[in-house]
Enquirer: 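Have a look at this one before I ask anything.
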Amino acid sequence: MQLVALHRLLDFAISQSLEGNTDDRILEGVVILTRMIGRKVRCVTSKILDGESSGCD
């Protein structure tokens, strides 16, 4: 669920940037969200490959 929410926020930030509504806050948000999504994906992948059923925070 968190991964989906992060993806939607990233999508919004990128669409704002592409529409020309670019300022430092939006670009910083894109960078932060990209890093957070990467961490979540690595965590979920690790859990799947290790066969653990518990989720990631």
Enquirer: Can you list everything that forms a side chain to side chain contact (heavy atoms under 4.5 Å, CB included) with Ile32? Sequence neighbours excluded, please.
Expert: Met36
Enquirer: Between Thr45 (side chain only) and Val41 (backbone N and O only), is there a donor and an acceptor less than 3.5 Å apart?
Expert: yes
Enquirer: Quick test of your reading: applying side-chain hydrogen bond (donor to acceptor under 3.5 Å, both in side chains), list the pairs with at least one residue in residues 24-37, sequence neighbours left out, ordered by first then second residue.
Expert: Asp23-Arg25
Enquirer: Is there a side-chain contact between Val30 and Ser17 in this structure, where contact means two heavy atoms from C-beta onward sitting under 4.5 Å apart?
Expert: no
Enquirer: According to a 4.5 Å side-chain heavy-atom criterion applied to Ile, Leu, Val, Met, Phe, Trp and Tyr, with indirect links allowed, do Val31 and Leu18 form part of one hydrophobic cluster?
Expert: no
Enquirer: What donor-acceptor contacts under 3.5 angstrom involve side-chain atoms of residues 8-15, with partners at least two apart or in another chain?
Expert:
{"residue": "Ser15", "atom": "OG", "partner": "Asp11", "partner atom": "O", "Å": "3.3"}
{"residue": "Ser15", "atom": "OG", "partner": "Phe12", "partner atom": "O", "Å": "2.8"}

